[in-house]
Asks: 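Let me begin by handing over the structure; questions about it come next.
Chain letters run A, B, ... following the sequence lines, proteins first and then strands; every chain starts at 1.
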Amino acid sequence: MKDAMKHWLVKSEPDVYSFDDLMKDSKRTTKWHGVRNFQARNLLREMKKGDAVLFYHSSCEPPHAAGIARVVREAYPDDSAWDPKSDYPDAASTPENPRWYMVDVQGEKALPAPVTLAEIRDNPKLAAMKLVQKGQRLSVQPVTAAEYAEVLRMAEKKAKS
DNA sequence: GCCAACGTTGGC
DNA sequence: GCCAACGTTGGC
């Protein structure tokens with residue numbers, strides 16, 4: 001039996017890399033590199049081709065879910081770790097013995113309206129989302145199918161209002 | 001700019 | 001293996 005598609009949320013600071021930046025790429029695809037946290041890395045490695053990803057903008061006003069993307073390449077070594085010019089060097093990771101991984105994600109479409117952190121927090125159906133739980137700072141988080149659908153529903157409802 | 005939360009490092 | 005120090009995240 002084929003595994004059910006999983007759902008994820010990834011955070012990015014729009015000043016650094018926004019959902020628009022992703023959509024402007026010629027293939028609408030980017031290497032999701034620079035993850036330097038073991039828990040987040042382990043989640044990255046669970047991502048499967050075709051999984052749906054909510055693209056969330058953090059450290060902006062207001063923080064919000066901006067768009068949806070899809071995993072198009074499963075985890076492979078993050079070469080920015082040993083690139084001295086990268087923003088995220090880590091000498092502990094080498095081509096022979098990589099510590100950090102990345103996936104490729106492809107932008108699918110912007111949400112019809114952004115769904116803010118405050119709106120997510122105000123929705124009781126989303127109370128279990130990692131995003132709204134205290135101290136949850138992981139840049140890669142699993143999301144249930146129901147939560148994912150609810151965020152999309154909120155975006156559509158908001159766009160119509 | 002502040003600071004709570006919490007992951008990581010390193011001395012012991 | 002403990003834990004203090006330190007760094008980072010990210011909302012506010």
Asks: Given the side-chain rings of A:H33 and A:Y88, with only the six-membered ring counted for Trp, is the space between their centroids under 6.0 Å?
Replies: yes
Asks: Return the value, rounded to whole Å, for the distance between atom NE2 of A:H57 and atom P of C:dG11.
Replies: 12 Å
Asks: Rounded to whole angstrom units, what separation is found between the CH2 atom of A:W100 and the P atom of B:dG7?
Replies: 13 Å
Asks: Going by atom types alone, do A:S80 and A:R36 pair a side-chain donor with an acceptor below 3.5 Å?
Replies: yes
Asks: Nearest whole angstrom, please: distance from the P of B:dT8 to the CG of A:D90.
Replies: 11 Å
Asks: Would you check if A:P98 and A:W82 make a side-chain contact, meaning some heavy-atom pair closer than 4.5 Å?
Replies: yes
Asks: Parallel, tilted or perpendicular for A:H57 and A:H64, by the 30°/60° rule?
Replies: perpendicular
Asks: Can you check the A:D15 CG to C:dT9 C1' distance for me, whole Å?
Replies: 15 Å
Asks: Of the listed nucleotides (B:dT9, B:dT8, C:dG10), which one gets closest to any side-chain atom of A:R99?
Replies: B:dT9
Asks: List in numerical order all residues of residues 125-137 of chain A for which some heavy atom is under 4.0 Å away from an atom belonging to DNA chain B.
Replies: A:K134, A:G135, A:R137
Asks: For the pair A:R41 and A:L43, evaluate side chain to side chain contact (heavy atoms under 4.5 Å, CB included) and give the outcome as yes or no after the intermediate values.
Replies: CA-CA 5 Å; A:R41 179 204 69 181; A:L43 291 166; over 6 Å; no
Asks: Have A:D104 and A:W32 got a donor and an acceptor in their side chains that come within less than 3.5 Å?
Replies: no
Asks: Could you give the CD-to-P distance, from A:E13 to C:dG10, as a whole number of Å?
Replies: 7 Å
Asks: Tell me which nucleotide among B:dT8, C:dC12, C:dG10 gets nearest to the side chain of A:R121.
Replies: C:dC12
Asks: Under 4.0 Å: is that the gap between some side-chain N or O of A:Y56 and OP1 or OP2 of C:dG11?
Replies: yes
Asks: Answer with yes or no whether the side chains of A:S18 and A:D20 bring together a donor and an acceptor at under 3.5 Å.
Replies: no
Asks: What is the separation between atom CD on A:Q141 and atom C1' on C:dT9, rounded to the nearest whole Å?
Replies: 12 Å
Asks: Using whole Å, report how far CG of A:L138 lies from P of B:dC6.
Replies: 10 Å
Asks: Whole-Å distance between C:dT9 C1' and A:D87 CG?
Replies: 16 Å
